[in-house]
Amino acid sequence: MTRIDDPAGAYLAAVGTALPGEPVDNATLGRLLGVSEEWIDIFVGTRARYFAWDLETGEVRRTLVDLCAEAGARALESAGLEAADIEFVVLSTATPDTLLPTTATQVADRLGLDHLPVYQLQAGCSGAVQALDLGRSLLAGGAGAGLVLGGDVTARHLDVRRDPARMPTEELVNYVLFGDGAGAAVLTAEPLGERVAVRGVLNSFAGLGRPAGQTVDWYGVSDRHSERPMLAEDYKAIEESVPAMAVEIFWELLDRVGWSTADVDHLLPPQLSERMTARIVEHMAIPSVHEVSCVSDTGNTGNALPFLQLERLLPQLADGQRAIGVTVESSKWIKTGFALEKV
Amino acid sequence: MREPDSLEAFLRMVGEELDLTVGDGDADRDLADLPGWDSMNLLRLVTLLEADSGRRLPVRAVLEARSLAEIHSVLERQA
């Protein structure tokens with residue numbers, strides 16, 4: 001069943017994020033990948049992204065644990081909480097450093113957390129909202145505060161030594177969309193810090209009978225020499241489906257929390273690429289709403305995106321204002337979103 | 001691979017390198033009606049041509065082309 005609004009309180013007390021190294025602009029990405037900078041400008045529109053690995057040598061400089069721990073520490077500090085105040089951790093990612101131990105437990109260790117439930121969700125663009133959803137349930141179950149995180153790194157899935165002209169288009173598209181990053185939020189049962197109430201969460205699998213729109217594969221010892229593509233994005237299905245799904249999510253959320261479009265001050269739309277996000281926002285056609293996007297400057301960072309948007313939202317969210325966040329996970333099609341209100 | 005100079009050689013290269021089914025009759029076909037043609041294949045084509053020629057291609061000018069023959073004309077003008 002779709003989980004939605006419940007009367008128990010859940011508040012965003014603080015958000016923290018981490019983007020590795022220096023921004024990589026289109027000229028640099030184009031030169032290192034061997035693809036046209038102008039094409040990226042025109043068709044992707046994203047201006048910059050960050051990588052936790054060296055694009056020239058492939059050397060990994062920072063792990064997902066590094067990025068998530070940095071984001072988590074910032075969120076904790078910003079909330080004014082200590083490790084002892086945190087009663088659960090939920091981390092979502094599609095690209096953990098190792099399968100075990102989980103990135104979530106490694107991050108807990110880095111942050112000095114112990115003797116608490118630590119969950120890891122495997123997800124893509126819906127992951128941050130799934131973490132928020134689970135976090136709300138844990139608060140409703142009696143926890144006072146918890147940390148939710150999301151992040152992704154591309155080092156294992158992108159190889160700049162490959163010839164882009166000979167890559168399947170479904171694989172090549174990933175090279176010009178994604179970047180690395182992490183984000184975190186402190187959730188509390190009572191208003192604290194930023195005092196942003198989570199009024200509703202939508203988290204709904206919508207992929208029955210539908211082929212996957214995005215595949216992220218991995219190799220093990222028995223198939224490490226496989227030619228199977230590590231990434232495959234059905235970008236035509238995504239271009240066709242995501243704008244319509246974004247509209248459905250927006251209206252489903254509004255319906256469940258009992259708001260009208262006039263009640264919504266800020267919109268956090270899906271962040272696929274600058275061009276796709278612009279198309280989605282145009283398609284959603286929500287009158288007089290302020291858009292909060294990050295993808296132009298961060299690239300598509302998967303599980304980190306909603307946190308990067310929230311970090312941009314918080315300084316602009318005035319008392320009593322409301323925001324709707326919409327994300328679509330196109331792997332096996334998951335509709336997620338959240339409704340926030342500053343109290 | 002040498003930069004294709006004739007239209008026929010260009011069409012052959014597009015067919016072989018981009019795995020598209022392209023015959024001589026497709027030279028003037030509107031790109032919107034060319035099976036399998038999309039912006040990602042345009043990126044692969046531009047990448048191939050830039051690697052072969054060692055020059056930057058004017059993507060906006062290529063985008064104004066409505067057919068493979070028109071793309072070939074843009075390339076000829078750049079040569």
Side-chain angles (χ1 to χ4, degrees), chain A residues 25-47 158-178 213-215 227 229 231-242 272-276 278-279 300 330, chain B residues 1-5 9-22 26 29-68 70-79:
Chain A
D25 63 16
N26 291 347
T28 306
L29 185 69
R31 178 172 58 79
L32 292 173
L33 287 182
V35 304
S36 160
E37 170 193 356
E38 193 182 357
W39 186 96
I40 302 173
D41 286 340
I42 296 169
F43 286 99
V44 182
T46 301
R47 291 189 297 267
L158 303 180
D159 179 2
V160 293
R161 293 163 301 187
R162 297 266 309 278
D163 178 356
R166 284 168 177 81
M167 244 186 258
T169 53
E170 294 79 8
E171 186 176 9
L172 176 58
V173 66
N174 296 281
Y175 282 69
V176 292
L177 292 179
F178 291 100
Q214 173 84 48
T215 300
E227 294 294 315
L231 295 168
E233 177 173 313
D234 186 347
Y235 50 90
K236 286 179 187 164
I238 289 170
E239 281 172 18
E240 187 178 310
S241 293
V242 171
L272 290 78
S273 69
E274 191 277 335
R275 289 286 178 272
M276 263 302 285
R279 281 180 51 186
N300 184 335
S330 53
Chain B
M1 190 190 64
R2 208 171 59 83
E3 196 173 353
D5 38 18
F10 174 70
L11 292 178
R12 200 158 52 241
M13 187 206 76
V14 169
E16 286 170 7
E17 300 289 343
L18 304 186
D19 302 318
L20 296 177
T21 310
V22 177
D26 292 318
R29 185 193 290 268
D30 192 301
L31 288 171
D33 300 327
L34 193 65
W37 180 260
D38 62 23
S39 61
M40 286 305 301
N41 270 309
L42 173 69
L43 174 59
R44 289 175 71 210
L45 177 63
V46 168
T47 301
L48 269 177
L49 295 168
E50 287 189 344
D52 287 343
S53 67
R55 291 193 317 260
R56 289 287 187 82
L57 273 186
V59 177
R60 283 177 208 283
V62 172
L63 273 179
E64 286 168 15
R66 293 311 319 149
S67 66
L68 290 174
E70 285 184 28
I71 291 179
H72 182 250
S73 301
V74 173
L75 301 178
E76 292 278 276
R77 284 201 296 277
Q78 295 298 313

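Treat the numbers as computed from the prediction; the structure is a model and nothing was measured.
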Contacting region of A/Glu37 [heavy-atom separation from chain B under 4.5 Å] = side chain
Hey, could you give me the CD/OG distance between A/Glu239 and B/Ser39, rounded to the nearest 0.5 Å?
-> 6.5 Å
Measuring heavy-atom distances to chain A, does B/Asp38 have an atom under 4.5 Å in its side chain, in its backbone, in both, or in neither?
-> side chain
With A/Arg166, which of B/Leu48, B/Thr47, B/Asp19 fulfils side chain to side chain contact (heavy atoms under 4.5 Å, CB included)?
-> B/Leu48
Would you call A/Trp39 and B/Val62 a side-chain contact if the rule is heavy atoms closer than 4.5 Å?
-> no
Largest heavy-atom contact set with chain A, pairs under 4.5 Å, which of B/Glu50, B/Arg56, B/Met40 = B/Met40
Do the side chain of A/Glu38 and the main chain of B/Arg60 share a donor and acceptor less than 3.5 angstrom apart?
-> yes
pair B/Arg44-A/Val35: side-chain heavy atoms closer than 4.5 Å = no
Tell me, out of B/Val46, B/Leu18, B/Leu63, who's got the most heavy-atom pairs with chain A below 4.5 Å.
-> B/Leu63
